[in-house]
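Take a look at the structure below.
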Amino acid sequence: MSEDLITLTFPDGARKTFPKHSTGLEVAESISKGLARNAFSITLDEDVLDLDRPIDRDGKISINTWGSEDGQYTFWHSSAHLLAEAVQELYPEAKFGIGPPIESGFYYDIDFGDRSFGQDQLAAIEKKMLELARTKSEFKKREVSKDEALNFYKEKNNEYKVDLISELEEGTITFYEQGNFTDLCRGPHLPDTSPIKAVKLTKVAGAYWRGDVNSKQLTRIYGITFPKQKMLDEHLEQIEEAQKRDHKKLGKELGIYMMDSMVGPGLPLWLPNGTVLRRTLEAFLRDEQKRRGYQEVITPHIANLELYKTSGHYPYYKESQYNPMEVDDDEYMLKPMNCPHHHRIYANDLKSYRDLPVRLAEFGTVYRYEQSGELNGLSRVRGFTQDDAHIYCTHDQLKDEIKHVINLTQYVFNTFGMPVDIRLSFRDDNESKYGGDSEYWERAQKEINEVADELELDYKIVEGEASFYGPKIDFIIRDAIGRKWQLGTVQVDYVMPERFDLTYVGSDNEKHRPVIIHRAPFGSMERFVSILIEHFAGDFPLWLAPVQFAILPISDDFNDYANVCAEKLNSIGARYEVDSRSEKIGAKIRDAENRKIPYMFIVGEREQEESTVSVRRHKHGDIGTFPFDEFLGKVKEEIDSMELPPKPKK
RNA sequence: GCCAGUGUAGCUCAGGGGUAGAGCAGCGGUUUUGUAAACCGCCGGUCGUCGGUUCAAAUCCGGCCACUGGCUCCA
């Protein structure tokens, strides 16, 4: 093969040769004009490159358009520069920090000096961005020396860029220029600004320079852009849809929980409907755990400070705990975690290897002093209940126990129809971040990996995400509208057995250290309920719905028959309400629909005579008339099988 | 904790220096109803809170509190 040719492999596996130094644009053009027109950048192996960059090596290539993640990143990265250019035009004194693309859009961190910057100013910037985009300014790349780069920003008094450049190596520094704006940037970028057709700046936030609380706080402007106005409209609609599902809104409407300033921030009060929901979830997990050999325990809400000193959590997490209180001559603290209590229960008597594994479970309520700005509805609170359990086992049992736990966790999420991504969180090279014997770590990570393979899990390994005391398996679920939430974790712990001097007597008659697995499929009941509300948009499966049935008599004359039906529902342990108000049936239906009650039974003369009910399913309308006893059997089955709600019809 | 924003009736929201408004909900009546809102009447507010400016503050200014969106943190 000639040295002047390169071979590129396309995503579909096709290989083609091109003259060396062909650009991405030329490669795209060779496929189709349309592709070339829509191309933003290319990805060559792992590198995302400008379209006009000459390609001088063989590799796997993909042409990035709006349809690919790399393409969107290129688009939003360029949009961040456009935002900066607009800001520079309107606020010449502004100094720029960093402006990367993110999962959904981009942001730029900007120092506006002493000037206060708020939402109101965004509209003008949006307008300016569109105006600048229409000028079709090219993104021009330029290599600069370190000195030149430093001088450029020193002259502008921009300490942030100087800070960034000082960490870069000579020969790798590039500037991108569009219009009157020049930015330190690795690229790549769009050929020019013209594809940016729709702009929305979404929010303003304070953000510390380099994420360091001790550094200056810059103003972060978030935004998102699209190549078509229609896409922006759709995006805004999606946001609206998400807001309709917001658990804070639905939690109030459906009577799930309340917050009260007299009780205190971050301390939710569970209302009757929410309590049904939570207790039902707890019963579900409790039954499952009983079946799987867990023993339930109960521990108090406060404990002597010594306990947390022994565990090492105090003073390490002092900042995020409620202050200790003095009791007699000792100090006591609201419990920030359940583990130490369970460890003491384990240590209560001498354990033989025959006793292991010991699986102690508790719906344990804990209190943590979260920073005020962090509190958020039910998903971030200061008092919450973990579905906690600690499994004490031998090293030989570890693999099986991890399997058990993964199995349980998957079963749980499957029940709610939530797809799960699995992440193995291992340690990195930074020894000082982790406790325990590295030999054990290696072994545990290997075993976790083996278990994941044996269970044929689809997982990814992330180094550096392990906890202080051991590697973790994190379960990341996706809800009904595709948002990701990190829920249950499984953590292997080698540190606490040492700290609490936990032992068991082996078959060799010697004392050994057990290994501990911490796990909580839901994480916390509060957070899980918040996610469930949003996942189901308040339309809970029948088995979970706080009120499952509404009986709606057509008029007062049929209240008696309604009560007969109610009595039957009662006998199967169902949750129901009879709406005997003097309202028209339409109004009763509307109320029941708004309250998202899964089934409505409408009873009038016909139904009374024939011992039937006319059934409406929430969101689906009239589904027909059934003999009541027969239908009762059906719904009982739906409850027992924990069926998911039917998909809403279009 | 920091940045930005919000706070008016139980709920959703209007008003923006000169006597506090609507719809829904609630209560009292009338109506007895067939698949997403019957009608009439009534009740309901120290306009988050404390202070300042003013003849006069829900409205302007400041402190505090709570909430929202981010940042930081998350055993």
Side-chain angles (χ1 to χ4, degrees), chain A residues 107 109 112 116-122 202-222 239 243 246 248-249 252-253 258-266 308 311-314 316-321 335-340 366 368-377 380 382 386 388 435 467-470 472 486 489 491 493 495-496 518 520 523-524 527 552-559 580-595 600-607 614-625:
Chain A
Y107 66 79
D109 284 347
F112 285 96
S116 155
F117 190 92
Q119 299 272 345
D120 310 347
Q121 281 128 291
L122 293 181
T202 45
K203 49 204 169 202
V204 179
Y208 300 102
W209 174 240
R210 305 210 129 177
D212 180 357
V213 194
N214 299 313
S215 296
K216 181 162 176 167
Q217 193 166 43
L218 308 182
T219 302
R220 175 171 297 178
I221 301 178
Y222 284 90
I239 290 175
Q243 278 167 353
D246 188 303
K248 295 184 284 294
K249 178 177 176 292
K252 183 188 270 188
E253 280 173 18
M258 61 177 274
M259 290 291 181
D260 183 74
S261 58
M262 204 180 277
V263 175
Y308 306 110
S311 72
H313 292 105
Y314 188 91
Y316 191 58
Y317 289 102
K318 194 164 180 246
E319 292 305 306
S320 49
Q321 292 166 180
K335 91 170 154 182
M337 79 287 295
N338 302 300
C339 347
V366 298
R368 297 179 188 174
Y369 183 80
E370 303 288 356
Q371 294 187 47
S372 60
E374 193 55 48
L375 301 174
N376 182 336
R380 202 65 194 269
R382 285 181 174 164
Q386 297 176 310
D388 218 351
S467 77
F468 165 71
Y469 49 68
K472 299 192 293 182
Q486 189 189 319
T489 67
Q491 311 184 353
D493 178 357
V495 176
M496 290 305 144
H518 302 241
S524 91
R527 191 168 137 78
L552 313 178
I554 296 284
S555 79
D556 288 358
D557 294 342
F558 311 106
N559 285 350
S580 54
R581 292 173 306 163
S582 133
E583 287 286 356
K584 292 177 76 166
I585 194 67
K588 294 185 185 183
I589 287 169
R590 189 183 141 84
D591 285 349
E593 287 283 353
N594 285 340
R595 292 176 56 204
M600 282 151 267
F601 297 141
I602 293 155
V603 295
E605 193 169 0
R606 291 198 295 274
E607 289 76 12
S614 171
V615 182
R616 268 187 81 99
R617 174 85 217 201
H618 170 56
K619 279 195 154 171
H620 287 257
D622 194 349
I623 59 172
T625 301

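Each chain gets a letter, A, B and so on, in the order its sequence line appears, and its residues count up from 1. Reckoned from all heavy atoms, side chains included, excluding hydrogens, waters and symmetry mates.
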* Charged N to carboxylate O below 4.0 Å: is that the case for Asp246(A) and Lys248(A)? ->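 Between Lys248(A) and Asp246(A) there is a salt bridge, with a charged N closer than 4.0 Å to a carboxylate O.
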* To do: Identify whether the distance between the nearest side-chain nitrogen and carboxylate oxygen of Asp622(A) and Arg617(A) falls below 4.0 Å.
  =>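 The answer is no: the pair does not qualify as a salt bridge.
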Students often get this wrong, so: under 4.0 angstrom with heavy atoms, is [X] touching a base, only sugar-phosphate, or nothing?
X: Arg220(A); result: sugar-phosphate
X: Gly118(A); result: sugar-phosphate
X: Gln386(A); result: nothing
X: Glu253(A); result: nothing
X: Phe117(A); result: sugar-phosphate

Are [X] and [Y] side-chain neighbours, meaning at least one heavy-atom pair lies under 4.5 Å?
X: Pro553(A); Y: Val603(A); result: yes
X: Tyr222(A); Y: Lys203(A); result: yes
X: Phe601(A); Y: Ser614(A); result: no
X: Gln386(A); Y: Asn338(A); result: yes
X: Leu122(A); Y: Phe117(A); result: yes
X: Pro336(A); Y: Tyr317(A); result: no
X: Arg380(A); Y: Arg527(A); result: no
X: Ile585(A); Y: Leu552(A); result: yes

Span that lies between the [atom1] atom of [M] and that of [N], in whole angstrom:
N: rU33(B); M: rG45(B); atom1: C1'; value: 36 Å
N: rA57(B); M: rU49(B); atom1: P; value: 15 Å
N: rC24(B); M: rA14(B); atom1: C1'; value: 15 Å
N: rG10(B); M: rA56(B); atom1: C1'; value: 32 Å
N: rG62(B); M: rU68(B); atom1: C1'; value: 23 Å
N: rG16(B); M: rA75(B); atom1: P; value: 49 Å
N: rG41(B); M: rC50(B); atom1: C1'; value: 40 Å

For [X] and [N], give me the distance from atom [atom1] to atom [atom2], rounded to whole Å.
X: Leu122(A); N: rA4(B); atom1: CG; atom2: P; result: 13 Å
X: Asp212(A); N: rC2(B); atom1: CG; atom2: P; result: 16 Å
X: Met600(A); N: rA36(B); atom1: CE; atom2: P; result: 10 Å
X: Ile585(A); N: rU35(B); atom1: CD1; atom2: C1'; result: 7 Å
X: Leu218(A); N: rG70(B); atom1: CG; atom2: P; result: 18 Å
X: Tyr222(A); N: rC3(B); atom1: OH; atom2: C1'; result: 12 Å
X: Glu593(A); N: rU35(B); atom1: CD; atom2: C1'; result: 9 Å
X: Asn214(A); N: rC71(B); atom1: CG; atom2: C1'; result: 14 Å

Just the table, please: protein N/O against nucleotides 73-75 of chain B N/O, every pair under 3.5 Å.
| unit_1 | atom_1 | unit_2 | atom_2 | d |
| --- | --- | --- | --- | --- |
| rC74(B) | O2 | Arg380(A) | NH1 | 3.2 |
| rC74(B) | O2 | Arg380(A) | NH2 | 2.6 |
| rA75(B) | O4' | Tyr317(A) | OH | 3.1 |
| rA75(B) | O3' | Tyr469(A) | OH | 3.4 |
| rA75(B) | O2' | His313(A) | NE2 | 3.4 |
| rA75(B) | N6 | Ser320(A) | O | 3.1 |
| rA75(B) | N6 | Ser320(A) | OG | 3.0 |
| rA75(B) | N1 | Gln321(A) | OE1 | 3.1 |

* To do: Report, as yes or no, whether the 6.0 Å neighbourhood of atom CD on Gln486(A) holds more than 12 heavy atoms from other residues, nucleotides or ligands.
  =>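 Atom CD in Gln486(A) is packed in, count exceeds 12.
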Between [atom1] on residue [X] and [atom2] on residue [Y], distance to nearest 0.5 Å:
X: Ile554(A); Y: Lys584(A); atom1: CD1; atom2: NZ; result: 11.5 Å
X: Glu253(A); Y: Asn594(A); atom1: CD; atom2: CG; result: 8.5 Å
X: Gln119(A); Y: Ile221(A); atom1: CD; atom2: CD1; result: 10.0 Å

* Of all the nucleotides listed (rA36(B), rC71(B), rU32(B)), which has the minimum atom distance to the side chain of Asn594(A)? ->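 Of all the options, the side chain of Asn594(A) is nearest to rA36(B).
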* **Selected nucleotide, minimal atom distance to Arg590(A) side chain, candidates rG34(B), rC2(B), rA37(B)** =>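 Selected nucleotide (nearest to the side chain): rA37(B).
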* So, does Glu593(A) use its side chain to make a donor-acceptor pair with the main chain of Lys619(A) at under 3.5 Å? ->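 Answer holds: yes.
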* Is Arg220(A) reaching over with its side chain to a backbone N or O of Ala205(A), donor-acceptor style, under 3.5 angstrom? ->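 Judged by distance alone, no pair lies under 3.5 Å.
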Restricting to nitrogen or oxygen on both sides, can you table the protein-nucleotides 66-69 of chain B pairs closer than 3.5 Å?
| unit_1 | atom_1 | unit_2 | atom_2 | d |
| --- | --- | --- | --- | --- |
| rU68(B) | OP1 | Gly377(A) | N | 3.2 |
| rG69(B) | OP1 | Lys248(A) | NZ | 3.1 |
| rG69(B) | OP2 | Asn376(A) | ND2 | 3.3 |
| rG69(B) | N2 | Val204(A) | O | 3.2 |

Under-3.5 Å N/O pairs linking protein and nucleotides 44-49 of chain B:
none

* To do: Could you give me the CA-CA distance, side-chain angles and deciding distance for Arg616(A) and Ile589(A), then say whether side-chain contact (heavy atoms from CB on, under 4.5 Å) is met?
  => CA-CA 9 Å; Arg616(A) 268 187 81 99; Ile589(A) 287 169; 3.6 Å; yes
* What are the two closest heavy atoms between His313(A) and Met496(A), and how far apart are they? ->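 The pair with the smallest heavy-atom distance is CE1-CE, 3.8 Å.
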Under 3.5 Å between N/O atoms: give me all the protein pairs with nucleotides 22-31 of chain B, atom names plus distance.
| unit_1 | atom_1 | unit_2 | atom_2 | d |
| --- | --- | --- | --- | --- |
| rU31(B) | N3 | Ser582(A) | OG | 2.8 |
| rU31(B) | O4 | Ser582(A) | OG | 2.7 |

* RNA chain B: stems of at least 3 consecutive Watson-Crick or G-U pairs, cut-off 3.5 Å? ->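 When the pairs of RNA chain B are grouped into runs of at least three, the stems are B:1-7 with B:65-71, B:10-13 with B:21-24, B:26-30 with B:38-42, B:48-52 with B:60-64.
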Extract from the structure each pairing of a protein N or O with an N or O of nucleotides 6-14 of chain B at less than 3.5 Å, listing the distance.
| unit_1 | atom_1 | unit_2 | atom_2 | d |
| --- | --- | --- | --- | --- |
| rU12(B) | OP1 | Lys252(A) | NZ | 3.4 |

* Would Lys588(A) and Arg581(A) satisfy side-chain contact (heavy atoms from CB on, under 4.5 Å), going step by step from the backbone distance to the final call? -> CA-CA 8 Å; Lys588(A) 294 185 185 183; Arg581(A) 292 173 306 163; 4.3 Å; yes
* Report the residue (Asp120(A) or Ser555(A)) whose heavy-atom-nearest nucleotide on RNA chain B is the more 5′ of the two. =>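 Mapping each residue to its closest nucleotide by heavy atoms, the 5'-most match is Asp120(A).
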* Passes side chain to side chain donor-acceptor pair (under 3.5 Å), Gln491(A) versus Tyr469(A)? Steps please. -> CA-CA 8 Å; Gln491(A) 311 184 353; Tyr469(A) 49 68; 2.7 Å; yes
